[in-house]
Structures are given as structure tokens and as C-alpha cells.
Amino acid sequence: MTRDTWIGVVFLAFSVLYWTQADKIRVSPLDDPVTAAGMPKSLAFALGGLAVLLILRSLYMSRLAARADRKPADKVEETDSRETWKRHLRALGMLGLGVAYLLVVPYLGYVLSVIGLMLAVSLYIGARFGLKTLAVAGLGGVFFYLLFVQFLNIPLPPGLWPSLLQSLQG
């Protein structure tokens with residue numbers, strides 16, 4: 001089995017475990033038709049589906065590699081350790097952006113934090129800073145705010161802005 005196949009199997013097992021735990025969430029008489037377990041079960045279903053796709057892709061790639069009479073892509077030995085370290089450092093950079101987002105979201109609020117995160121990730125992966133990048137980040141932040149807060153009624157951190165506005169008004 002290739003590395004991707006093993007990862008897919010582990011994630012598939014995790015999604016089944018997550019589903020069984022979400023299934024234990026009690027149904028309240030005050031619940032709507034979706035119930036409190038709806039979102040966790042949806043996440044478990046999505047994770048399971050992606051895990052199955054990863055397993056199928058891995059098996060397909062292994063079959064292609066066997067036909068070409070060469071090793072699968074994830075079995076090829078890496079000769080340049082410097083390039084490997086660069087990839088690990090780039091992954092750590094993405095992790096750092098995620099941690100920075102988590103640290104600022106309580107203060108800046110969800111909308112500004114998501115806009116900042118989208119802008120930072122875009123620049124980090126090589127997008128040019130400009131009006132287009134700013135517009136995508138801004139519209140993305142507004143879209144996710146409307147999706148989660150307005151459409152799905154999920155309360156997200158407003159940040160310090162509402163209290164600052166109240167202090168200015170009163």
C-alpha cells in the first residue's frame with residue numbers, strides 16, 4: 001500500500017468514528033429538522049468521501065505506475081534534501097498563518113481576520129499584491145460572513161468593533 005492509501009484508510013476510519021460519536025448527540029424537542037448532530041455528521045460524511053477519493057486515486061496512480069513499469073510517485077526516493085526542507089518550511093509557514101489567524105480573530109473579528117488570512121495566504125503562495133488580490137480577499141471575507149453568520153446563523157467573533165462603535169456613540 002502506498003502512503004496515500006494508508007492516509008485514506010486512517011481518515012476513513014476516523015470519519016466512521018466521528019460519525020458514531022456524532023450519532024450519540026441527543027435529539028432535543030427544540031431541535032429543527034436538521035438537529036444538533038447535522039453539522040458533525042455532514043463533516044464526517046465529507047471526510048469519509050474525501051478519504052475514499054484519496055484511496056481510489058492512490059490505487060489508480062499505483063496501477064498507472066505499474067503499467068509504466070516504474071515506482072509509484074510517493075515511493076520515489078527524494079535525492080535533494082534541501083528541496084525537502086523547503087517544502088517542510090513552506091508547510092510550517094502555512095501553519096503559522098493559521099495560528100496567527102486564531103490569535104487575531106477574537107480582537108479583529110471574523111470578517112477582518114478572514115480577509116487578512118485570505119490575503120496573507122494568497123501572497124504566501126505567490127499571488128501579486130494588487131487590486132485583484134485585495135478584491136478577492138475582501139469579497140471572500142464578506143461571502144464567508146454572509147454564509148456562516150447570516151445564512152447558517154452561526155455566531156462568529158465580532159471582535160472589538162461593536163464595543164468601539166458603542167463607546168463612540170454613547
Side-chain angles (χ1 to χ4, degrees), residues 3-4 7-8 10-54 57 81-170:
R3 180 181 57 206
D4 285 348
I7 292 171
V10 168
F11 281 143
L12 185 59
F14 179 75
S15 70
V16 169
L17 178 68
Y18 193 72
W19 178 280
T20 59
Q21 293 303 312
D23 202 34
K24 293 178 183 177
I25 296 174
R26 290 187 297 151
V27 177
S28 167
L30 301 176
D31 274 344
D32 56 7
V34 176
T35 74
M39 186 64 170
K41 283 183 175 181
S42 298
L43 291 174
F45 183 76
L47 179 62
L50 291 172
V52 168
L53 287 175
L54 182 63
R57 179 188 169 274
S81 63
R82 177 178 280 177
E83 193 63 34
T84 302
W85 276 105
K86 282 183 183 179
R87 280 190 264 139
H88 289 305
L89 290 175
R90 288 208 40 93
L92 282 174
M94 288 295 288
L95 180 64
L97 290 174
V99 169
Y101 164 78
L102 291 175
L103 292 174
V104 301
V105 75
Y107 304 105
L108 293 180
Y110 179 76
V111 176
L112 289 178
S113 298
V114 167
I115 290 171
L117 177 67
M118 291 178 75
L119 182 62
V121 169
S122 296
L123 296 174
Y124 189 74
I125 63 173
R128 286 186 167 179
F129 183 77
L131 186 59
K132 182 178 177 182
T133 307
L134 286 170
V136 168
L139 291 173
V142 170
F143 169 78
F144 285 120
Y145 170 78
L146 293 173
L147 174 68
F148 290 118
V149 176
Q150 299 299 320
F151 182 69
L152 297 173
N153 290 326
I154 298 172
L156 295 171
L160 299 174
W161 301 108
S163 60
L164 286 175
L165 291 174
Q166 285 179 352
S167 65
L168 290 174
Q169 291 175 354

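Note that this is a predicted model, so its numbers are computed, not measured.
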*Take F11 and L50, measure what side-chain contact (heavy atoms from CB on, under 4.5 Å) needs, and give me the verdict at the end.*
CA-CA 9 Å; F11 281 143; L50 291 172; over 6 Å; no

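For the side-chain contact (heavy atoms from CB on, under 4.5 Å) test, residues two or more places apart in sequence or in another chain that qualify with L152 are L147, F148, I154. Legend: residues meeting side-chain contact (heavy atoms from CB on, under 4.5 Å) with V136, ordered by chain and number and at least two apart, are absent. Annotation: side-chain contact (heavy atoms from CB on, under 4.5 Å) contacts of V142 (sequence neighbours excluded): L146.
One distance of note links NZ of K41 with CD of Q21; it measures 12.0 Å at 0.5 Å rounding. With rounding to the nearest 0.5 Å, the separation of CG in L139 from CG in L134 is 10.5 Å. The CZ atom of R3 sits 10.5 Å away from the CG atom of L54 when rounded to the nearest 0.5 Å.
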Distance-only criterion, 3.5 Å: show the donor-acceptor pairs between side-chain atoms of residues 106-132 and protein atoms not counting sequence neighbours.
from: S113; atom 1: OG; to: G109; atom 2: O; distance (Å): 2.6
from: S122; atom 1: OG; to: M118; atom 2: O; distance (Å): 2.8
from: Y124; atom 1: OH; to: R90; atom 2: O; distance (Å): 3.0

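G8 and A51 get closest at one heavy-atom pair: O-CB, 3.4 Å. The heavy-atom pair separating S15 from G48 by the smallest distance is OG-CA, 3.3 Å. Residues T20 and L17 approach most closely at OG1-O, 2.7 Å, considering heavy atoms. A44 approaches Y18 most closely through the heavy-atom pair CB-CD2, 3.5 Å.
Applying the side-chain hydrogen bond (donor to acceptor under 3.5 Å, both in side chains) test to pairs two or more places apart or on separate chains, those with a residue in residues 149-158 are Y145-Q150.
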